[in-house]
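Heads up, the thing below is written out as structure tokens.
The figures that follow rest on heavy atoms only: side chains count, while hydrogens, waters and symmetry mates do not.
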Amino acid sequence: MSDEQTAVSGDDTTPAVTAITLDADAPSSFDSAESAVASLVGAREKAGIPAESADDDDPATAEQELSDEDNGAPEKATAEDPEAAPAEKPLRELPRSWTKDRAEIWNRLDPAAQDILLEQDRLASIDVRNRQNELAEERKAVQAERAAAEKARQQYEAQLPVLMRELESNLQQSFGDIKTMDDVVKLQSEDPFRFQAWQVHQMRLQAAKVETDRIAKENETTEQNRWMEHVQSENAKAAEFIPELGDKDKAEKLTLRVARELLPDLGFKDSELAALANGKEKLSIYDHRIQRLFADSLKLRDIQNAPKAVVKPDLPPVQRPGVARAPGADKAALVQNLTDKLSNSGSENDAFELLMAKRASRRAS
């Protein structure tokens, strides 16, 4: 470490450098600026440098010299120096698995911790993506297997009727003479080998028939299950628009009214309705009865949307002064006049007029 003294020579000011050696027991670094200054002042006194020179020195300069030369420490940044302020850490985006409401927690994390979490999130995303791809491939494989199995089943079902026809044709060609049980008994006694062949053919034919019946029953069951699922799905959709269907009792009453009042009036028969309800028959949208329903629905909609007519008050009829004539009084008076006229004249014409007047009076009453 060294200290500078200034020598004045004319107009030039040339700094004189005096080396100052610290004691051997001096520490290699100091805990504070005060201890460094005290050690420097003591070394100057031992070197014969006046104490006022040490007093004139700026403690901050001495501290800077000790810090830079003896301690070898880098210059410390101060809060007042904007250029020495640490650079702001770059912002890192949230991991994909984090929601936006955790942004505040994320910003408080150390950058190193953020890097670790980002890497973990990246690896987790890759693992999830790989698993999804594996599941998709497995699903495709299963679907392909199902499609192949369905195709093989359909081919097998399509070949059964052909097999049945071939077996029946061969039976007719090879054993056309075997028609009754007596023929079978005779065949067994006279030609056992041909009888065995006939038996084998019958067994094959019976097995094919059993298999055909089994497949037909399975297809019917499958179709019925699909129909029930369709009915349940459509009923649930209808309940969204028809609140009464949500109540069991109201739904049953409404269904009975439709079956007993509406559909028979449109021309549906009971047998036809049963087949439609079980899914065994289909109904076209062009059926004339369905078109009637559409027309009635449109008429009802027009009535509902029509402006309401002003209802006039039901006022009693105006009563004129005097006694009101009873209904039919004019016809009764006519009959009485014709009766008096017939009594006086006794003619057939008056009698006919009187008869017609009485009939008219009875019809009116």
Side-chain angles (χ1 to χ4, degrees), residues 135-238 255 258-260 262-264 266-294:
L135 290 175
E137 293 297 330
E138 292 178 0
R139 189 180 300 109
K140 290 180 180 179
V142 171
Q143 291 176 351
E145 292 178 359
R146 289 180 178 177
E150 179 65 19
K151 184 177 180 180
R153 184 187 67 82
Q154 293 177 357
Q155 292 177 351
Y156 174 71
E157 293 179 359
Q159 292 174 357
L160 275 177
V162 178
L163 177 61
M164 286 285 295
R165 289 193 295 268
E166 290 180 355
L167 290 173
E168 291 174 351
S169 177
N170 293 337
L171 179 64
Q172 186 64 27
Q173 293 177 2
S174 302
F175 305 97
D177 56 327
I178 310 300
K179 298 179 179 180
T180 64
M181 186 57 64
D182 293 337
D183 296 335
V184 175
V185 174
K186 181 180 178 181
L187 178 64
Q188 182 183 16
S189 61
E190 295 179 356
D191 193 347
F193 293 103
R194 188 167 182 258
F195 174 75
Q196 290 180 359
W198 178 83
Q199 279 187 319
V200 172
H201 202 88
Q202 288 289 342
M203 292 171 62
R204 292 181 63 187
L205 186 61
Q206 183 64 25
K209 186 177 184 307
V210 170
E211 185 67 9
T212 302
D213 294 341
R214 181 189 67 81
I215 291 176
K217 186 174 182 59
E218 287 183 356
N219 291 339
E220 183 180 358
T221 302
T222 302
E223 188 65 24
Q224 191 67 23
N225 291 337
R226 290 177 181 174
W227 175 253
M228 293 302 298
E229 292 176 359
H230 170 75
V231 171
Q232 292 176 0
S233 175
E234 293 302 317
N235 284 340
K237 294 177 182 178
T255 303
V258 172
R260 294 177 180 177
L262 178 61
L263 296 180
L266 291 172
F268 287 98
K269 299 178 181 179
D270 292 342
S271 57
E272 188 177 9
L273 292 175
L276 289 171
N278 294 329
K280 295 181 179 180
E281 290 187 8
K282 302 294 187 278
L283 187 63
S284 170
I285 194 174
Y286 296 104
D287 189 284
H288 67 283
R289 295 161 296 190
I290 299 300
Q291 296 189 46
R292 284 185 59 188
L293 281 176
F294 293 159

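Summarising the local packing, CD of Gln291 is surrounded by more than 12 heavy atoms from other residues, nucleotides or ligands at distances under 6.0 Å. For Lys282, the NZ atom counts as densely surrounded, since its 6.0 Å shell holds more than 12 non-hydrogen atoms of other residues, nucleotides or ligands. For Leu135, the CG atom sits in a packed shell: over 12 heavy atoms of surrounding residues, nucleotides or ligands are nearer than 6.0 Å.
With sequence neighbours excluded, the residues satisfying side-chain hydrogen bond (donor to acceptor under 3.5 Å, both in side chains) with Glu272 are Arg289. Residues forming a side-chain hydrogen bond (donor to acceptor under 3.5 Å, both in side chains) with Arg292 (at least two apart in sequence, or on another chain): none. Residues forming a side-chain contact (heavy atoms from CB on, under 4.5 Å) with Thr222 (at least two apart in sequence, or on another chain): Arg226. Evaluation of the salt bridge (charged side-chain N to carboxylate O under 4.0 Å, His left out) rule for Glu137 yields no partner, not counting sequence neighbours. Qualifying side-chain contact (heavy atoms from CB on, under 4.5 Å) partners for Val184, counting only residues two or more places apart in sequence or in other chains: Ile178, Met181, Phe195, Trp198. Residues passing the side-chain hydrogen bond (donor to acceptor under 3.5 Å, both in side chains) test with Gln159: none are found, sequence neighbours excluded. In terms of the side-chain contact (heavy atoms from CB on, under 4.5 Å) criterion, residue partners of Ile215 (sequence neighbours excluded) are, by chain and number, Tyr156, Glu157, Leu160, Glu211, Asn219. Listed by chain and number, the residues in a side-chain contact (heavy atoms from CB on, under 4.5 Å) with Lys186 are Glu190 (sequence neighbours excluded). For the salt bridge (charged side-chain N to carboxylate O under 4.0 Å, His left out) test, residues two or more places apart in sequence or in another chain that qualify with Asp177 are Arg194. Residues forming a salt bridge (charged side-chain N to carboxylate O under 4.0 Å, His left out) with Asp182 (at least two apart in sequence, or on another chain): none. Looking at residues two or more places apart in sequence or on another chain, you find a side-chain hydrogen bond (donor to acceptor under 3.5 Å, both in side chains) between Glu218 and Arg214.
Remark: Gln196 CD to Gln188 CD distance equals 9.5 Å, nearest 0.5 Å. For the atom pair CD of Gln173 and CD of Glu166, the computed distance is 10.5 Å after rounding to the nearest 0.5 Å.
One finds a salt bridge joining Glu234 and Lys237 here, because a Lys/Arg side-chain nitrogen approaches an Asp/Glu carboxylate oxygen to under 4.0 Å. A salt bridge links Arg153 with Glu150; the closest basic N to acidic carboxylate O contact falls under 4.0 Å.
Side-chain atoms of Lys280 never come within 3.5 Å of backbone atoms of Ala277 as a donor-acceptor pair (strictly under, hydrogens ignored). For the pair Thr212 (side chain) and Ala208 (backbone), a donor-acceptor distance under 3.5 Å is present. Side chain of Asp191 to main chain of Leu187: no donor-acceptor pair is present (N/O by atom type, distance under 3.5 Å, no hydrogens or angles).
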- Please walk me through it: do Asp183 and Thr180 pass side chain to side chain contact (heavy atoms under 4.5 Å, CB included)? CA-CA 5 Å; Asp183 296 335; Thr180 64; 3.2 Å; yes
- Query: When you look at Asp213 and Lys217, which way does the salt bridge (charged side-chain N to carboxylate O under 4.0 Å, His left out) test go after all the steps?
  - Reply: CA-CA 6 Å; Asp213 294 341; Lys217 186 174 182 59; over 6 Å; no
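For Ile290 against Ser284, the heavy-atom pair with the smallest separation is CG1-O, 3.8 Å. Heavy atoms only, all atoms of each residue included: Leu205 and Met164 are closest at O-SD, 4.0 Å. Pairing each heavy atom of His201 with each of Asn170, the nearest pair is CE1-CB, 3.4 Å.
For residues 212-236, the pairs satisfying ring-ring contact (aromatic ring centres under 6.0 Å, His included) are Trp227-His230, with sequence neighbours left out.
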